[in-house]
Amino acid sequence: MQFIKKKCVLYQKSNTSLSSDFIANEKIDHLAVEMPVALVYNGISHSVMMCTPQDLEEFAIGFSLTEGIITDTKQIYGIDLEENCNGIEVQIELSTRQFVALKEHRRNLIGRTGCGICGVEQLQQIQRQYSKIIPTFTLNPALIDPCLTQIEQNQLLAKETGATHAAAFFTPTGEMLALREDVGRHVALDKVLGWHATHQRPQGFVFVSSRASYEMVQKCLACGIEMLIAISAPTALAVEMAEQHHFTLFGFARKGRITRYT
């Protein structure tokens with residue numbers, strides 16, 4: 001279930017222009033579901049994320065790629081979803097080599113937090129190094145308006161709840177191939193990157209309905225994406241990381257305007 005119905009009370013100012021009174025009316029609202037999703041590798045729990053419970057197989061693949069747990073989808077032998085009273089466990093069967101590497105990586109962690117950074121022993125581990133991008137296409141700014149329209153038309157959960165982010169994948173000519181939604185912007189991005197990895201990694205760019213932090217750039221680099229467009233602003237570290245890797249980064253995408261940072 002992606003959303004639930006909840007009875008609530010709407011307080012709305014009276015239509016009478018001279019009145020300051022508010023009128024109370026009962027209504028039914030739709031609330032996005034947010035629940036804990038545990039990513040379990042070969043029987044060992046690695047991370048628990050708060051997610052919207054849809055497209056979780058793609059999320060598991062995207063997260064595994066962007067966190068460096070795998071480098072190829074073939075290193076995952078199977079994915080099973082198991083519901084329990086508190087949430088959902090995503091059981092991921094890794095190849096022996098990748099699981100050994102994951103256990104070694106876990107030895108270098110001194111804890112886990114929501115952002116993941118405070119649990120990293122070496123500050124240098126925060127910024128991973130990737131191969132520099134060799135651009136294969138340039139963006140025609142005239143595509144922004146139709147891309148935004150496609151995103152708006154296909155954000156079905158956001159239309160119902162107003163509470164989710166979206167990440168979409170477009171071809172260089174502006175055709176939307178996939179869109180994934182989640183209460184978390186990073187999770188939405190992992191979901192669409194998981195889709196990308198399981199569909200022959202088509203050429204194109206990612207468009208997100210959020211700001212572009214360095215993690216968003218890093219996730220795209222990990223999956224071989226060469227361009228990210230964000231509806232909101234990029235951070236300084238995101239721009240710095242994009243410049244270092246020849247990655248193309250746009251922000252403030254609106255109807256009729258867009259800003260290129262790298």
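All residue numbers in this chain count up from 1 along the given sequence.
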Could you give me the CA-CA distance, side-chain angles and deciding distance for Val48 and Val37, then say whether side chain to side chain contact (heavy atoms under 4.5 Å, CB included) is met?
CA-CA 5 Å; Val48 178; Val37 173; over 6 Å; no
With a 4.5 Å heavy-atom cut-off, do Val100 and Glu104 have their side chains touching?
no
For a side chain to side chain contact (heavy atoms under 4.5 Å, CB included) check, start with the C-alpha distance between Asn154 and Met176, then their side-chain angles and the critical distance, and finish with the verdict.
CA-CA 10 Å; Asn154 288 277; Met176 191 177 77; 3.2 Å; yes
Can a side-chain donor-acceptor contact be found between Ser213 and Arg185 if the only test is distance below 3.5 angstrom?
yes
For the residue pair Ala166 and Ser209, what are the closest heavy atoms and their distance?
N-OG, 2.7 Å
Do Phe59 and Leu39 touch side chain to side chain, with heavy atoms closer than 4.5 Å?
yes
Would you say Tyr77 and Phe63 are hydrophobically clustered, going by side-chain heavy atoms of ILVMFWY under 4.5 Å?
no
Using the ring-ring contact (aromatic ring centres under 6.0 Å, His included) rule, collect all pairs that involve residues 172-200, keeping only residues at least two apart or in two chains.
Phe169-Trp195, Phe169-His196, Trp195-His199
Phe252 with Phe250, same ILVMFWY side-chain cluster at under 4.5 Å
no
For the residue pair Leu139 and Ile144, establish whether any side-chain heavy-atom pair is separated by less than 4.5 Å.
yes
Side chains of Gln75 and Thr71 only: does a donor on one sit below 3.5 Å from an acceptor on the other?
yes
Taking Thr52 for the side chain and Gln54 for the main chain, is one N or O donor matched with an acceptor at less than 3.5 Å?
no
Tell me whether the count of non-hydrogen atoms from other residues, nucleotides or ligands lying under 6.0 Å of NZ in Lys7 goes above 12.
no
Any sub-3.5 Å donor-acceptor pair from Thr262's side-chain atoms to Val239's backbone N or O?
no
Rounded to the nearest 0.5 Å, what separates atom CD1 in Ile229 from atom SG in Cys147?
6.5 Å
Which heavy atom of Val183 sits nearest a heavy atom of Ala32, and at what distance?
CG1-CB, 4.0 Å
For Glu175, enumerate each residue passing the side chain to side chain donor-acceptor pair (under 3.5 Å) test, keeping only those at least two apart in sequence or located in another chain.
none
With a cut-off of 6.0 Å (strictly less than), are more than 12 heavy atoms of other residues, nucleotides or ligands near CD1 of Ile28?
yes
Checking side chain to side chain contact (heavy atoms under 4.5 Å, CB included) for the pair His46/Ile69: CA distance, chi angles, key distance, verdict?
CA-CA 11 Å; His46 176 74; Ile69 296 170; 3.9 Å; yes
Are the side chains of Thr171 and Leu177 in touch, meaning some heavy atoms are under 4.5 Å apart?
yes
Hey, is the main chain of Met241 close enough, under 3.5 Å, to the side chain of His245 for a donor-acceptor pair?
yes
Heavy-atom pair of closest approach, residues Thr73 and Ala197:
CG2-CB, 3.8 Å
Which heavy atom of Ile88 sits nearest to which heavy atom of Glu83, and what is that distance?
CG1-CG, 4.1 Å
Met50 vs Pro36 side-chain heavy atoms within contact, under 4.5 Å:
yes
Minimal heavy-atom distance between Gly204 and Ile225, with the atoms involved, is O-CG2, 4.4 Å
Quick one: does Glu34's side chain have a donor or acceptor within less than 3.5 Å of a partner on Gly184's backbone?
no
Can you list everything that forms a ring-ring contact (aromatic ring centres under 6.0 Å, His included) with Phe205? Sequence neighbours excluded, please.
Phe170
Heavy-atom check, side chain of Asp190 versus side chain of Thr66, under 4.5 Å
yes
Is there a path from Leu156 to Leu179 through hydrophobic residues (I, L, V, M, F, W, Y) whose side chains come within less than 4.5 Å of each other?
no
Residue of the set Lys159, Glu181, Gln155 for which side-chain hydrogen bond (donor to acceptor under 3.5 Å, both in side chains) holds with Thr164:
Glu181
Side chain to side chain, Leu189 and Val206, heavy atoms closer than 4.5 Å
yes
Exercise: identify the closest heavy-atom pair between Val192 and Ala167:
CG2-O, 3.6 Å
In terms of side-chain geometry, is the basic nitrogen of Lys5 or Asp29 positioned less than 4.0 Å from the acidic oxygen of its partner?
no
Have Ser64 and Tyr41 got a donor and an acceptor in their side chains that come within less than 3.5 Å?
yes
Side chains of Met227 and Phe137 in contact at under 4.5 Å (non-hydrogen atoms)
yes
Taking atom CZ of Phe207 and atom CG of Leu143, what is their separation to the nearest 0.5 Å?
10.0 Å
Could you verify whether a donor N or O on one side chain and an acceptor N or O on the other, from Glu226 and Thr136, lie under 3.5 Å apart?
yes
How long is the gap from CD on Gln2 to CG on Leu31, to the nearest 0.5 Å?
14.0 Å
Quick one: pull up OG1 in Thr259 and CZ in Arg257 and give me the separation to the nearest 0.5 Å.
5.5 Å
Are Lys13 and Asp21 ion-paired here, with the side-chain N under 4.0 Å from a carboxylate O?
no
Distance, nearest 0.5 Å, that separates OG1 of Thr235 from OH of Tyr261:
10.5 Å
Is there a donor-acceptor pair under 3.5 Å between the side chain of Asp182 and the backbone N or O of Val187?
no
In this structure, are over 12 heavy atoms from other groups packed under 6.0 Å from Arg260 atom CZ?
no
Tell me whether Ile258 shares a hydrophobic cluster with Leu228, the cluster being built from Ile, Leu, Val, Met, Phe, Trp, Tyr side chains joined at under 4.5 Å.
no
Indicate, with yes or no, if Leu148 and Val208 share a hydrophobic cluster defined by side-chain heavy-atom contacts under 4.5 Å among Ile, Leu, Val, Met, Phe, Trp and Tyr.
no
If I take atom CD from residue Glu67 and atom CD1 from residue Ile70, how far apart are they, to the nearest 0.5 angstrom?
11.5 Å
Would you sort out whether Phe247 and Cys220 count as a side chain to side chain contact (heavy atoms under 4.5 Å, CB included), showing the intermediate values?
CA-CA 9 Å; Phe247 181 85; Cys220 289; 3.8 Å; yes
